[in-house]
Visitor: 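For reference, the structure I am asking about is given below.
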Amino acid sequence: MKKILLLMLCLCPICADSQEGVPFFVNYPSSVYQAHNRNFDVVCDSCGNVYFANFEGILHYDYNRWETIYTPGFSRVTRLFRDSGNRIWAGGYNVFGRIERDERGCVVLRTIVSDLDPSSFGELDDMAEVDGLIYLKTTSGRCYTVQEDTLLFPTQILPVQLQEKWQKQTTLEDIGRGLSVNDSEGKELFSITENNGLCSNSVSSVATDGRGNLWGATDNGVFHVFTPSLFSRFTSYEGLKGEVVSVIHYKGMLYAGTLQGLYVWRHNVFVPVRGITQACWQLVLSPEGELYAATSDGIYAVGDYDRLRKLTEVAAYSLVFADGTDILMGAMDGIYRYSTRTRKVGRVSGIEKVVHLEVKKDHSVWAKTMYGEIYLQKGDGTSFVLQPRGNEEVMTGYTDSHGYNWQTNLKGKELQVTHPQDNTGKLNQCLHAIRNYVVRVIYIEERNAAWFGGDFGLIRMDLGKAQAFTPFVPRIYLREVCLNRDSIYRGGDLPINPEAANQRIDDISRFGDDVRAIRFSFATDAACFTGSNEYRSRLVGYDPEWSSWDYRTEKEYANLPSGTYTFCVQARDIYGTTSEIKQFRFSLSPPFYLQWYSLVLYAVTLGGILFLLFKWRMHNLLKEKERLENLVGQRTGQLVRQKNEIEEKSLKLEEALKELRQAQDDLVRQEKMATVGKLTQGLIDRILNPLNYINNFSHLTSGLLQDLYQNLESAQKLLDEDTYLDSVDVIAMMKDNLAKIEEHGSNTTRVLKAMEEVLKDRNKQLEKIELTGLCRKDMELLESYYRKEISEMHISVRTSLPDTPLFINGNAEQLGKTIMSLLNNGMYAIIKKYGKNIYPAEIGLSLESRNGQAVICLYDNGVGIEQSILEKIFDPFFTTKTTGEAAGIGLYLSKEIILNHRGKIAVRSEKDEYTEFAITLPLWEDGTG
């Protein structure tokens, strides 16, 4: 007779969880639990423990760690049974007993029969309970009953229901088809086999704890299925290859686009759609209800999964229907429009890498690029305009037909849903379970299901069950208390008798002074199919507050001082639901040398020693007093003289050191610039000459192309239409290419000229100049240069200068250029910000004398500078402007000029608020220069 296998289940807690796809499950091979790979049976108790009948004994898993309970003689265990009193019985080859906990709470097997006994009953085949009695059946056909938990008695008369049960089981065959779960009506809810990644199709037994955990034993390890669950998944085991980036339902079939093509769900497996093997970025239904796909190979019209019609050759990231018949598509190099009537493609805009297009009711078109930029084309068909960047913190977003907004953060995680009139608390609690998944695509199936795709494959959430979902409150178990890292004081959270467990937890455990370390192990049996449950702990009397939430299931404390403590631990499941707080109170006794009688002895001894030391010290102090009075008088005069000499020398050394440091800094900076100048000066000349040829010949070639175009226009009648149009397109592309060559050549020339400017020698002779007049002149130049902008934008120009002149040692030409350059930057920032939004603009300059220094402050409330690049703005060739606007050496040269004047320059700024530069220069002193 073959071994009985439990392969088809009808469990009430599961039958309500009908869902598409495969539920989440985990395999545990023998390398994880460190025992034999063959398992025969599985049982779950009421305290979050799972037991497996293994070829080497009994496997015990408490959601914290695995351990093996060996039988006498190391016999195999083939059957486990949980009776009505929550007692767990185990049996196998010549072994039978009950799982209990010893005085420390550790799991042990109390054997009633073992192969070490003189008599044996062979191989245990099955166990059952009838009217409070435990019945056993062996493979030889003999039956036994357990009396008083200790003795086995043969029995010939079995209850009727037990006879019928065992007679039916003798006809079952080992079919090895994995795990199949049916509802109460016999309809299959789901099945898991080796094709879905199950460790083995030979499932021996399954058991559930009623809290979303289904455990199974096989001949090649054990597995854990999380059910009932709101979520199911589709992975490469179901034929889905590549990262999922688009999902849609079409004609009752599920289509999924990945980076490796387009797939359709047929016969419980994803089948690739022939003809689409490149990345399928987006799936869209037309106004007529037809399916279109934007791929890296072009736009396709998908009739059925095996009938395709290719519309364009342009690789597209996104598409949207405009005006009913035209298709807008975002490509690598711009936005294109495809006409379904003429079947022609035309470029609409040069916006690159548009990953999302949307047409509003007012016929306006919104485009979002891969870089997060958003462009708007109004309904009148004008060009796309870049919109001001707001506080976008969304990477993936989707709004369903009922107004629910689904979105992630910038990293694609923390999926959330919002609705202006509906409470989405239940949905967000369910979505908390997949908060760490990077979601690339969201699709809502008419409020029936939500689909989420990414590198993990495809996940389906049942929305109807999510709205009514109430998660279990997780239970926290204190699995073990270990002293000095090797002595188990208490194992397991709850023994078989719950009352004894409560007494053990509430009593205060007292430890001696030999305890140097104490370790707590804890766990929860809450389902964690999309990650790990989290824990936090606190040792009251030692920790000031709770620890942060993490995945560790152990906490160790070493070298605790004596006293009374309470260890508290709490669990949080994947839905964010927290458990009750589990506590363990204990006290540490002080060592004998800290007992009260020892402390009294220490105090008396110390008092006697201090008294003797006091008398001896007073005697010596009287003798020393006279000697010190004489010595102090002699040394006082000597110390005063030495002090004055040291102070004088210290001042001279400080002055010399300051001058030496300044000279050293100037010398190092000059040497660097001289070295760079020698290396690059010749290189710049060699680059400029051929670059001028490139610019000139590109300009001349543009003129030749214009002549060629005129000749082509003249010969248009001699050419067929396709040849003429192709030639016109080639000439246009060549003209654009030459324009870009000329543009980039001019930019390169500008950069090289900037390099020459950087390498110029600016160590000119410094002289006494008047700074107040110089600043006043620069502000007059600013108002003259920007008279038009100041008038049109109503820019407030503020100047604050002292009434008395301030003199410095410097170069008026270089300082004037520096101040003017910073003022020009301020006006640029104001104009750029004013172009986006009208606001009260201000620019100003102030000069004051402060602690022997002249301080120049230049202020504007323009676009500001981001904090991430604030430290880089003085680097050579660093600029936030385009290459055509600036070369990036203005601030670098300004800093060099200020340093040559032995001054400092500092900047403070906030994005979109203000920018303030502060220049500090030493005032003129007699003897300088």
Side-chain angles (χ1 to χ4, degrees), residues 649-677 754 757-779 800-802 804-826 845-859 870-878 888-909 915-929:
K649 292 180 180 180
S650 177
L651 292 175
K652 293 181 179 179
L653 288 175
E654 288 180 359
E655 193 68 27
L657 182 60
K658 180 178 179 181
E659 295 177 357
L660 180 60
R661 186 181 295 109
Q662 182 65 39
Q664 183 181 11
D665 293 342
D666 294 343
L667 182 59
V668 169
R669 184 161 32 82
Q670 293 172 7
E671 285 295 328
K672 286 183 179 179
M673 293 303 298
T675 303
V676 174
E757 184 67 22
V758 170
L759 298 175
K760 286 183 179 180
D761 183 14
R762 293 177 179 80
N763 295 319
K764 295 184 178 180
Q765 182 66 31
L766 303 181
E767 59 185 9
K768 182 178 181 181
I769 62 173
E770 201 278 306
L771 191 59
T772 305
L774 180 63
C775 293
R776 182 179 293 107
K777 181 179 179 181
D778 286 338
M779 291 303 294
S800 177
L801 300 176
T804 59
L806 297 178
F807 295 94
I808 65 169
N809 188 30
N811 183 284
E813 179 184 357
Q814 293 181 355
L815 278 179
K817 289 182 178 180
T818 299
I819 297 173
M820 201 63 201
S821 176
L822 295 175
L823 291 173
N824 289 333
N825 287 345
L845 180 147
S846 66
L847 173 64
E848 63 177 338
S849 175
R850 188 188 304 164
N851 298 327
Q853 303 282 332
V855 181
I856 306 174
C857 292
L858 300 103
Y859 170 86
L870 199 59
E871 297 181 356
K872 303 178 182 179
I873 61 173
F874 292 108
D875 294 343
F877 303 105
F878 178 85
I889 64 169
L891 289 177
Y892 168 74
L893 293 178
S894 299
K895 183 177 180 180
E896 286 295 315
I897 291 173
I898 298 302
L899 291 177
N900 289 337
H901 285 70
R902 297 187 178 181
K904 298 179 181 178
I905 183 170
V907 61
R908 294 189 305 117
S909 180
T915 301
E916 182 179 5
F917 286 89
I919 301 174
T920 305
L921 299 170
L923 291 174
W924 173 271
E925 296 181 1
D926 293 337
T928 62

Visitor: Taking all heavy atoms of Ile898 and all of Lys904, pick out the closest pair and write down the distance.
Guide: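 So the two residues come closest at CG2-N, 3.5 Å.
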
Visitor: Under 3.5 Å, side chain of Asn851 to main-chain N/O of Gln853, donor-acceptor pair present?
Guide: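 No; zero donor-acceptor contacts below 3.5 Å.
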
Visitor: Run the side-chain hydrogen bond (donor to acceptor under 3.5 Å, both in side chains) test against Glu848 and tell me which residues pass, sequence neighbours left out.
Guide: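 Glu848 satisfies side-chain hydrogen bond (donor to acceptor under 3.5 Å, both in side chains) with Arg850 once adjacent residues are dropped.
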
Visitor: Looking only at heavy atoms, which two atoms of Ala854 and Leu847 are closest? And how far apart?
Guide: CB-CD1, 4.5 Å

Visitor: List in chain and number order the residues that pass side chain to side chain contact (heavy atoms under 4.5 Å, CB included) with Glu871, two or more places apart in sequence or in another chain; answer none if no residue qualifies.
Guide: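 By the side chain to side chain contact (heavy atoms under 4.5 Å, CB included) rule, Glu871 matches no residue at all.
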
Visitor: So how far is it from Lys895 NZ to Ile919 CD1, rounded to the nearest 0.5 Å?
Guide: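 If I round to the nearest 0.5 Å, the distance is 12.5 Å.
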
Visitor: What pairs with Glu770 under salt bridge (charged side-chain N to carboxylate O under 4.0 Å, His left out), at least two apart in sequence or on another chain?
Guide: none

Visitor: Just verifying a value: how many Å separate Ile819 CD1 and Leu858 CG, rounded to the nearest 0.5 Å?
Guide: 6.5 Å

Visitor: Using 0.5 Å steps for rounding, measure from the SG atom of Cys857 to the CG atom of Leu822.
Guide: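 Rounded to the nearest 0.5 Å, the SG-CG separation comes out at 11.5 Å.
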
Visitor: Could you pull out all residues at least two apart from Thr818 that satisfy side-chain hydrogen bond (donor to acceptor under 3.5 Å, both in side chains)?
Guide: none

Visitor: Output all residues satisfying salt bridge (charged side-chain N to carboxylate O under 4.0 Å, His left out) with Arg776, sequence neighbours left out; order by chain, then residue number.
Guide: none

Visitor: How far apart are the closest heavy atoms of Pro805 and Thr772, and which atoms are they?
Guide: CA-OG1, 3.8 Å

Visitor: Is there a donor-acceptor contact under 3.5 Å linking the side chains of Ser800 and Ser846?
Guide: no

Visitor: Which pair of heavy atoms, one from Ser849 and one from Leu923, lies closest together, and at what distance?
Guide: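 Looking at all heavy atoms of both residues, the shortest contact is OG-CD1, 3.4 Å.
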
Visitor: Please find the pair of heavy atoms, one from Thr915 and one from Val907, that lie closest to each other, and give the distance.
Guide: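 Looking at all heavy atoms of both residues, the shortest contact is CG2-CG2, 4.2 Å.
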
Visitor: How long is the span from the OG1 atom in Thr920 to the NE2 atom in His901, to the nearest 0.5 Å?
Guide: 14.0 Å

Visitor: How would you list, by chain and number, every residue that makes a side chain to side chain contact (heavy atoms under 4.5 Å, CB included) with Glu767, sequence neighbours excluded?
Guide: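 Per chain and number, Glu767 pairs via side chain to side chain contact (heavy atoms under 4.5 Å, CB included) with Ile769.
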
